[in-house]
Structures are given as C-alpha cells and as structure tokens.
Amino acid sequence: TPMVTGTSVLGLKFQGGVMLAADMVGSYGSLARFRGISRLCKVNDSTVLGASGDFADFQHLRQLLEQMVIDEELLGDGHSYSPRAVHSWLTRVLYNRRSKINPLWNSVLIGGVYNGESFLGYVDMLGVAYEAPSLATGFGAYLAQPLLRAALERDRIPTREEARELLERSLRVLYYRDARSFNRFEVATVTEQGVELEGPLTLEANWEIAHLV
Amino acid sequence: DWTAEPVSTGTTIMAVEFEGGVVIGADSRTTTGSYVANRVTDKLTPVHDRIFCCRSGSAADTQAVADAVAYQLAFHSVELEEPPRVRTAARLFQQSCYRYREELSAGIIVAGWDQRRGGQVYVVPLGGLLLRQPFAVGGSGSSYIYGFLDATFQPGMSRSQCQEFVARGLALAMVRDGSSGGVIRLAAITEEGVERTVLAGSDLP
C-alpha cells in the first residue's frame with residue numbers, strides 16, 4: 001500500500017529532445033507533507049526518469065538504477081544504457097514484482113535521446129508499458145494529455161520553448177484541478193548535449209475569475 | 001477493550017537542526033486504545049552517543065527496530081574506529097522500515113550530531129522513505145501543528161530558539177491530540193554531548 005505519494009508526471013517530445021515535468025510534493029493522504037522533494041531523476045547522460053506513486057518505492061528504484069549504471073560504467077566499454085533499454089529493464093522489474101503480488105507502487109515516465117533519436121516511454125506498477133510523443137501519469141493522463149496531444153496534432157513537433165510553455169501550462173491546470181498537487185515544480189530536458197534539470201520553480205495561478213462569480 | 005488494542009506511542013515528536021547540533025522533543029504518553037498505559041514514557045531513544053531517534057507508531061515495532069539499529073551501529077562504530085554518522089543511523093532505520101513496511105507501524109525521526117556534517121535531522125515515515133529536513137515532526141499529534149510550524153519556523157535559529165520552537169509546538173499538539181500528553185521531554189545534542197530536560201505541568205508553554 002502506498003504511503004507518501006507523488007502525483008502526475010508529464011512528458012513531451014520536442015525538436016531535438018524530450019522534456020519531463022513534475023511537481024515537488026510528497027503527499028501523505030491528503031496532507032501535503034513533504035514540499036520540496038524531487039520526483040525526477042537523471043539515470044545517465046541520455047536518460048531521465050520521473051515517478052509518481054509511492055515515494056519510498058521510487059527511492060528504492062533510484063538505488064537499483066544507480067547500481068545498474070555503476071555496474072555498467074565499470075565494464076568500461078564506452079557503452080551506456082539507452083533510454084529504450086532502461087525502459088525495457090524497468091518494465092521487467094515492475095512486471096515481475098506485480099507477478100509476485102508485491103508491486104512497486106509507481107507509474108514512471110522515461111525520457112531520453114540516443115543516437116539522435118528521442119524516446120519517451122511509460123511503465124507502471126502492473127508492468128503496462130508503452131511509448132508515445134506525449135505522456136502523463138495520474139491526473140495528468142486525464143487533464144494534461146489532451147492539451148499535450150492537441151499541440152502534437154498533424155505530426156507537428158513543438159520547439160523547445162513551445163514544449164516548455166506547454167508543460168508549464170498543463171502543470172498549472174493540474175494545480176487548479178488536482179487536489180494533491182502543488183505549485184512548486186521541476187523540469188528535466190534531455191537533448192543530444194545531455195541532461196538539464198531546472199528547478200525548483202513556482203507556478204503563478206490566475207484567480208481573476210473569482211471576481212466574476 | 002484495551003487489552004485487545006496494540007500498545008501505541010500515539011505521540012507528537014519533533015526534531016530541529018541548528019548550527020552545531022539538533023534539538024529533539026517528544027510527549028510522554030503511551031496508549032492502549034484510550035487507556036494511558038504509561039504517562040511518563042521516554043520516546044527519545046539513544047542509538048549511539050550522539051545519535052537519537054524519536055519513536056512514533058507501535059511501541060513494540062519502534063523499540064524492536066531501535067534496538068536492532070543500536071546494535072548494528074555499535075558494531076559498525078567498532079569497525080570504523082570512530083563514531084558513526086547520523087546519516088548511517090538513518091539509513092539503517094530506513095532499511096528495516098522499508099523492507100518490513102507491510103508488517104511495521106513505525107514513524108521515526110533520526111537526529112544527532114557527527115563530526116562530518118554537524119547537526120542533522122532525517123525522517124523515516126510509514127512506507128520507509130528517507131529524507132533529510134531542516135526540521136521534522138511526526139506522530140498523531142503532528143497534524144494539529146503543521147500550521148503553527150509553517151508560520152513560525154525560521155531557518156538559522158539558535159539552540160535556545162529551537163528549544164522554544166519545539167516546546168511550543170509539542171505543547172499545542174498535546175493539548176489537542178488525545179493520544180499525546182504528559183510531560184515534554186527535550187534533548188539537545190551537540191559536539192559536547194547530550195543535555196536532557198523535562199518540562200512538566202506548569203513549565204509547559
């Protein structure tokens with residue numbers, strides 16, 4: 001059973017890379033208990049991971065990933081795990097845990113750039129896994145995904161600035177409508193150049209409509 | 001009836017970092033259902049000379065885990081030939097609390113002083129995650145004082161300011177939470193050592 005949980009994670013492919021965004025709160029039921037935690041993590045220079053769900057299980061996943069990356073570096077063969085490989089590995093781990101009726105209670109987004117190609121994938125506690133140009137977990141799947149998909153209509157790929165603005169706008173909608181969200185957030189951007197983590201940032205909310213009621 | 005209820009340290013517990021150490025505090029009430037089994041409990045448990053834990057949740061679970069961690073730390077300290085780090089103690093708590101998360105009911109705050117990083121506070125709540133914080137609060141009584149703490153906490157408080165902050169927070173929680181009460185036990189942990197005080201009755205803020 002999940003205890004301290006994180007809400008939605010958003011992911012979007014743009015021209016030249018992938019961007020993930022998530023707020024920075026760990027909720028204990030309805031209590032916003034930990035208000036400065038990071039739910040995004042860098043796996044290696046080509047991959048980032050964002051998790052929603054139980055935070056203790058996310059910390060466990062982070063440890064597993066860290067060890068895996070170290071083991072691979074020790075091989076010293078110049079290769080590092082591609083985002084697709086990380087996604088595949090994670091799918092196996094999560095599916096096998098669910099098959100033992102002891103799941104890691106998370107929904108995870110993996111974003112990365114490898115050999116010039118962008119990757120964005122989803123895996124959850126049931127082992128369900130898929131890829132798409134835009135993704136979201138939790139509430140985001142209902143509220144943000146339609147916004148993200150609208151921008152990607154007719155195979156349009158947004159620029160980095162457009163993607164950033166779109167993710168921020170989506171997070172704001174989630175802040176208005178998701179009772180377990182918070183207005184502090186982080187953004188992780190992966191390009192050919194590597195991984196950039198921005199944050200903590202704060203969302204500005206517009207309450208003008210309150211005066212019209 | 002109360003003989004069927006588990007013994008719980010209902011509780012309010014707090015810990016705050018300051019320059020040079022930490023201040024920790026707890027109430028002193030242990031309940032079985034609504035009967036007060038122990039009104040003078042000590043929930044501030046040493047796991048090493050300069051590292052304490054504040055226990056909330058099941059009395060049995062937290063005592064068992066704390067005993068195990070104290071043993072592991074003592075052994076580790078002999079191997080290391082120096083006092084263990086607070087972070088190590090916190091990690092040991094986390095390993096037990098995460099592995100047995102389905103069976104345990106333990107909300108723990110680990111706080112202390114070490115040579116490497118000075119005063120540190122780590123929280124290991126239900127579920128078994130590990131997080132370092134400038135201050136931490138836990139137990140059933142903590143719900144009632146989040147507002148007070150958010151409004152009053154300032155980073156960079158002195159030792160005596162921290163002690164006052166903790167005492168006031170605990171006092172407010174003990175009034176409102178039926179599972180918290182009794183006396184306030186405080187401890188200040190620094191390089192010099194551990195100084196324990198008790199605030200009772202009229203001493204309470």
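Computation of the quantities below employed the complete heavy-atom set of this structure, encompassing side-chain atoms and omitting hydrogens, waters and symmetry-equivalent molecules. A note on names: the letters A, B, ... follow the listed sequences, proteins ahead of strands, and every chain is numbered from 1.
For B:F165 and B:F135, the gap between ring centers is short of 6.0 Å.
Contact annotation for residues 33-48 of chain A against chain B (heavy-atom separation below 4.5 Å, listed by residue number): A:R33, A:F34, A:R35, A:I37.
Side chains of B:T45 and B:R55: a donor on one and an acceptor on the other come within 3.5 Å. In the model, A:Y95 has a side-chain atom that pairs as donor or acceptor with a side-chain atom of A:R98 under 3.5 Å. Counting only N and O atoms by type, the side chains of A:S80 and A:E72 include no donor and acceptor under 3.5 Å apart. Between the side chains of A:S181 and A:D178, no donor-acceptor pair of N or O atoms lies under 3.5 Å. Side chains of B:D61 and B:S105: no donor on one and acceptor on the other come within 3.5 Å. Side chains of B:D67 and B:Q63: a donor-acceptor N/O pair is absent below 3.5 angstrom, by distance only.
The choice from A:T1, A:D54, A:N102, A:D57 that makes the most heavy-atom pairs within less than 4.5 Å of chain B is A:D57.
Looking at A:Y28, the atoms closer than 4.5 Å to chain B (heavy atoms on both sides) all sit in the side chain, from C-beta outward. Contacts between B:V123 and chain A at a heavy-atom distance below 4.5 Å involve the side chain alone, from C-beta outward.
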